[in-house]
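Reviewing the structure listed below.
All values below were derived from every heavy atom in this structure, side-chain atoms included, with hydrogens, water molecules and symmetry-related copies excluded.
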Amino acid sequence: MVHDRSWARELRYAVVCGVMLFGVLVLLDWVFRDLTAGRAVLWAALGVLLSTLLTPARVTAERGVLDARGLLTRRRVRTDRLVAVRMSEGVAQRLVLTDTSGGRLVLDPRVLAANPLLWHHLDEGARRSRRRGTLRYGTAVLDRLGRRIDSEACHGILRASGLE
């Protein structure tokens, strides 16, 4: 099983943001002498809410399956039975994967770019779907995404070796 390597860092970031919001709000209330127990509980609730909203889904992959677990949800798609792959357009691009059993997974493509092994599992499963003929829509999307991920990996290697 392969995990998103940056998930723990992003989770820490979400918790730190919530704690910082709580700290700033309590500090402001304390400075203006408006701090009460009720307000402190309200600020704590807002900090927890922010941390919850910023907590990323934990993406894992194993042979033929891509899984994303949020705090309250779990989405799973069979990569070897993909039917469609779409890239949502807009400010925050999302990769939308749909399989033959109706499973649907929405994923940030940056997660795949940051985790080549996750990309490898998705790409391997998509190739199986192409061979079986189930993948009817989205081969061009996967090809573009693959080129982008390969390009970013090459740039990273060149940067690390000082050849950029």
Side-chain angles (χ1 to χ4, degrees), residues 1-30 39-80 82 84-99 103-127 129 138 141-164:
M1 184 176 286
V2 179
H3 299 276
D4 178 4
R5 296 179 304 182
S6 61
W7 180 80
R9 182 185 59 213
E10 292 177 16
L11 178 64
R12 276 191 303 275
Y13 173 76
V15 170
V16 165
C17 285
V19 169
M20 293 294 290
L21 177 67
F22 170 71
V24 166
L25 291 173
V26 167
L27 182 65
L28 285 173
D29 262 1
W30 181 72
R39 288 175 69 101
V41 169
L42 176 65
W43 301 149
L46 282 173
V48 169
L49 178 64
L50 179 65
S51 293
T52 303
L53 291 173
L54 293 177
T55 299
R58 183 165 192 171
V59 180
T60 59
E62 54 187 308
R63 186 172 173 86
V65 177
L66 195 61
D67 191 40
R69 293 180 187 197
L71 289 176
L72 302 174
T73 62
R74 179 180 181 190
R75 304 283 183 188
R76 175 174 264 199
V77 71
R78 294 290 311 247
T79 58
D80 56 352
L82 288 175
V85 178
R86 292 181 178 84
M87 184 71 75
S88 69
E89 299 301 324
V91 175
Q93 285 190 339
R94 296 288 183 250
L95 186 67
V96 181
L97 307 168
T98 309
D99 66 12
R104 185 173 180 264
L105 177 68
V106 180
L107 182 66
D108 187 346
R110 292 178 297 185
V111 171
L112 297 172
N115 297 281
L117 290 176
L118 286 175
W119 166 247
H120 173 72
H121 278 278
L122 173 59
D123 188 45
E124 184 180 297
R127 289 177 196 271
S129 294
V141 171
L142 286 171
D143 292 340
R144 277 194 312 271
L145 184 60
R147 283 193 301 273
R148 181 175 136 199
I149 290 171
D150 290 344
S151 174
E152 288 178 18
C154 287
H155 286 294
I157 290 169
L158 290 173
R159 250 190 322 274
S161 63
L163 297 174
E164 185 176 45

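Legend: salt bridge (charged side-chain N to carboxylate O under 4.0 Å, His left out) pairs involving residues 109-122, not counting sequence neighbours, sorted by first then second residue: Asp108-Arg110.
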Enumerate donor-acceptor pairs with a distance under 3.5 Å from any side-chain N or O in residues 52-64 to protein atoms, sequence neighbours excluded.
from: Thr52; atom 1: OG1; to: Val48; atom 2: O; distance (Å): 2.8
from: Thr55; atom 1: OG1; to: Ser51; atom 2: O; distance (Å): 2.6

Val96 and Arg104: CA distance, side-chain angles, deciding distance, side chain to side chain contact (heavy atoms under 4.5 Å, CB included) verdict: CA-CA 7 Å; Val96 181; Arg104 185 173 180 264; 3.7 Å; yes
Pair Leu42-Leu25, side chain to side chain contact (heavy atoms under 4.5 Å, CB included): steps then yes or no: CA-CA 10 Å; Leu42 176 65; Leu25 291 173; over 6 Å; no
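Ala113 and Glu152 get closest at one heavy-atom pair: CB-OE1, 3.2 Å. Across every non-hydrogen atom of Asp67 and Arg75, the tightest pair is OD1-O, 3.0 Å. Asp99 approaches Arg78 most closely through the heavy-atom pair OD2-N, 2.9 Å. For the residue pair Arg76 and Val65, the shortest heavy atom distance occurs at NE-CG1, 3.4 Å. Here the closest non-hydrogen pair linking Phe22 and Trp43 is CD1-C, 3.6 Å.
The distance from atom CG of Leu107 to atom CG of Leu95, rounded to the nearest 0.5 Å, is 6.0 Å. Distance check, rounded to the nearest 0.5 Å: CD of Gln93 to CG of Leu145 gives 9.0 Å. Atom CG of residue Leu112 and atom CZ of residue Arg148 lie 9.0 Å apart, to the nearest 0.5 angstrom. With values rounded to the nearest 0.5 angstrom, Asn115 atom CG is found 11.0 Å from His121 atom NE2. Here the straight-line distance linking atom CG of Leu122 with atom CG of Asp80 works out to 11.0 Å at 0.5 Å rounding. Here the straight-line distance linking atom CD of Glu124 with atom NE2 of His120 works out to 4.5 Å at 0.5 Å rounding.
A salt bridge links Asp123 with Arg127: at least one charged nitrogen is closer than 4.0 Å to a carboxylate oxygen.
With Ser88 contributing its side chain and Arg94 its backbone, the two residues share a donor-acceptor pair below 3.5 Å. In this structure, the side chain of Ser129 engages the main chain of Thr79 through a donor-acceptor pair within 3.5 Å.
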